[in-house]
Amino acid sequence: MRTSQYLLSTQKETPADAEVVSHQLMLRAGMVRKLASGLYTWLPSGLRVLNKVADIVRQEMNKAGAIEMLMPVVQPADLWQESGRWDEYGPELLRVKDRHNRDFVLGPTHEEVITSLVKNEISSYKQLPINLYQIQTKFRDEVRPRFGIMRGREFTMKDAYSFHTSDESLQQTYQGMFQAYCNIFERLGLEFRPVIADSGSIGGAVSHEFHVLAESGEDAIAFSDSSDYAANVEMAEAIAPVTEQVPAMSVKTQVATPDVKTIQQVCSHFNITADKTVKTIVVLGAENEKGQQDLVALVLRGDHSLNNIKAEKLAEVYAPLTMATDAQILEKINCEVGSIGPIGLPIPIIVDRSAAHLTDFVCGANETGSHLTGVNWDKDIADYQIADIRNIEAGDPSPDGQGTIEIKRGIEVGHIFQLGEKYSSAMGCGVLNEQGKHQILTMGCYGIGVSRIVAAAIEQNHDKYGIIWPDAIAPFKVALIPMNMHKSHRIQQVAESLYEQLVSAGIEVLFDDRKERPGVMFNDMELIGIPHTIVIGERNLDENKVEYKNRRSGEKQLVEIDNVLSLVADC
RNA sequence: CGGUGAGUAGCGCAGCUUGGUAGCGCACUUGGUUUGGGUCCAAGGGGUCGCAGGUUCGAAUCCUGUCUCACCGACCA
């Protein structure tokens, strides 16, 4: 490809609304342009990268025995009503009507369509297991699209769905996908980690996320420093402290604490650290048979934070997690927020494992402007239960018993689930089994954010000059930069000849044949992130040499013209 | 959904307080100059100042409404 005949669209200045590096560089390098919030046009060089990522995904999926197909973006509402997600899915599901006033949705995912297809097409256990996938545009009307391609509303996703007559078969395919995902991210040249995840609203039991590690990641991941353990902090189990419980020494004492409301204030008032205090959070309880809601108290150590997802899963707690209002608290407990504590509460009390490990701690007295010191479980509070309701933190013991937890940030680029029968039973998707009986199928589902991978790769691979593509997904492998070609026939000849050689060797080369100054060309090629550069200049031509430069290492070397092709081909 | 801020040329911005019909840098066009890391000089083209309404002799500027976009928040006892 010649730059003079290409749409480079590079820019010097960063558009003001680009926040993260990948977004800035994708705009500057001319990969994408924004059309509206969360909607982007892929320009030629961006599309090249996107297609490369998709190709690698496709190859590895095929290798793992999955079969490619393609489903519509627009889906009829009745499928979604059948699965129940028409009501479950919130405003993130974009609903549209056609000219006959029939309801449709823009597919944020394709469980309904595939399940309905398999229900009709597959009728015998002999046809199973089967794993079908597509690489398709998805639409999710995100609350807050941001970070450019990273969290757009329209995006490219690879989604695969497997169908089985037994859990063993599902396990097997799930393992196969787990391995295929590792292969994919390996080939893409990204630093990644599979982590244990929450299965979220899609449902199902077992689930892993694949994260590309990057500072700007939206998810926090808990790692063990001495084992393979890795889990999303949403999920990571916070185990009870492994240290011996300190024997209780004190007797509870009520202390007047006007204007002491936060844990910070409690600490400075009593001159203690937050891990000697307890905070009591009041949330709405689950509805009883009559549909009435009581309140529930969640007790955490002062320095810990509540994990909403864990709390929501408790039978006693209303989901989604909802904080009680000040008025509700005043009515039920007769005390202001800021002085609540577990002693004498008229509502169920759930205590985090770490908080339950404390002795002689400080907490609110359930009397406005008053706290208690020297409080101890069992002695002072009889009726409570213990659960894991906090976020794991750096320095905590790893839940697998090996090592200590470290927290890093990651970008979720893949997610695999064992779905079970959620969709197949709702939609009656089954086959006749060996006994000739109708059997509902069990499902797995496996997603990869193809477009997000492009952004994630940049987050992980860039410097102050621009993008540094891993070879596997670079838009071009080689940049050919002639110096002042318009003034030198010799340079033009060598450049044209090298270009031709590279092209016929099947190497993707971007030949910068613009009448530009060298600095402009260098800067553009570095911004775009082409891994290998060949510079042709008068100086070196006298010795029949050209310069090779590696984008990542910055290493330069002079190479005989005749050796350039093999050097680049071997990279 | 809540909070904050912003919409002026393709991009980055000034002008608005104190109303008088729009400017700078980059990019673009032409000519010259320069040529191993974003040359320099000159001459050009390009904007219904987000949209609608109002005040006024006169509105980018003041008022009202509306749309769009961005950032922050949705962890607090």
Side-chain angles (χ1 to χ4, degrees), chain A residues 8-20 23-24 27-28 30 33-39 90-92 141-148 233-234 257 260-267 274 277-283 297-311 320-326 329-330 333 335-342 345 362-366 368-371 389-391 465-466 481-488 491 514-527 533 535-541 546-547 549 554 556 558:
Chain A
L8 266 192
S9 289
T10 53
Q11 294 181 322
K12 270 191 211 175
E13 281 174 292
T14 307
D17 57 7
E19 189 72 9
V20 293
H23 189 198
Q24 293 172 357
L27 290 169
R28 288 223 293 133
R33 289 290 180 262
K34 185 169 77 176
L35 180 63
S37 180
L39 303 176
E92 217 171 88
D141 203 354
E142 290 283 346
V143 189
R144 190 178 157 205
R146 56 183 141 176
F147 306 148
V233 288
E234 290 174 348
T257 52
V260 173
K261 287 178 176 146
T262 65
I263 287 294
Q264 228 179 352
Q265 290 166 342
V266 169
C267 290
T277 69
V278 133
K279 60 182 169 190
T280 307
I281 299 169
V282 181
V283 300
L298 304 175
V299 181
L300 296 165
R301 215 170 74 184
D303 58 329
H304 285 152
S305 62
L306 179 66
N307 180 309
N308 290 11
I309 293 175
K310 289 177 182 176
L321 191 77
T322 313
M323 295 295 163
T325 62
D326 292 0
I329 292 172
L330 201 60
I333 306 171
C335 161
E336 273 176 29
V337 167
S339 299
I340 303 178
L345 273 184
V362 175
C363 65
N366 291 325
T368 300
S370 193
H371 277 77
I389 52 172
R390 72 171 174 98
N391 285 318
Y465 303 108
I481 304 183
M483 302 281 96
N484 305 310
M485 186 168 69
H486 60 286
K487 286 177 92 177
S488 160
I491 288 181
R514 293 175 296 174
K515 193 184 160 187
E516 282 289 359
R517 295 171 55 82
V520 175
M521 299 195 208
F522 289 136
N523 282 310
D524 271 348
M525 296 303 122
E526 280 163 4
L527 174 61
T533 303
V535 184
I536 304 159
E538 283 285 354
R539 282 207 305 241
N540 300 319
L541 230 43
V546 293
E547 184 184 289
K549 185 175 178 186
K556 292 179 188 176
L558 289 178

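Nucleotides B:C71 and B:G12 have their P atoms positioned 14 Å apart, rounded to a whole Å. Nucleotides B:U17 and B:U33, compared at atom P, are 48 Å apart to the nearest Å. Distance noted for atom C1' between B:A22 and B:G46: 14 Å (whole Å). Distance noted for atom P between B:A59 and B:A52: 14 Å (whole Å).
Listed pair A:S339 / B:A77 fails the phosphate criterion, with no side-chain N or O lying under 4.0 Å from OP1 or OP2.
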key: Footprint string (nucleotides 24-33 of chain B, 5' to 3'): B base within contact, S backbone only, - free, heavy atoms under 4.0 Å   = -BSS------
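Counting any heavy atom pair closer than 4.0 Å across all strands shown, A:S37 reaches sugar-phosphate atoms only and no base atom. Among the heavy atoms of the strands lying under 4.0 Å from A:N523 is at least one base atom, whether or not backbone atoms are also near. Within 4.0 Å of A:T280, counting heavy atoms only, lies at least one base atom of the nucleic acid.
Atom CG in A:N307 sits roughly 11 Å away from atom P in B:C75 (whole-Å rounding).
When each of A:F147 and A:T10 is assigned the nucleotide of RNA chain B bearing its nearest heavy atom, the one mapping closer to the 5' terminus is A:T10.
Pair check for B:U66 finds B:G50; Watson-Crick or G-U wobble, both atom distances under 3.5 Å.
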For nucleotides 39-47 of chain B, list the nitrogen or oxygen atoms of the protein found under 3.5 Å from its nitrogen or oxygen atoms, one pair per line.
{"residue": "B:U39", "atom": "OP2", "partner": "A:R517", "partner atom": "NE", "Å": "2.7"}

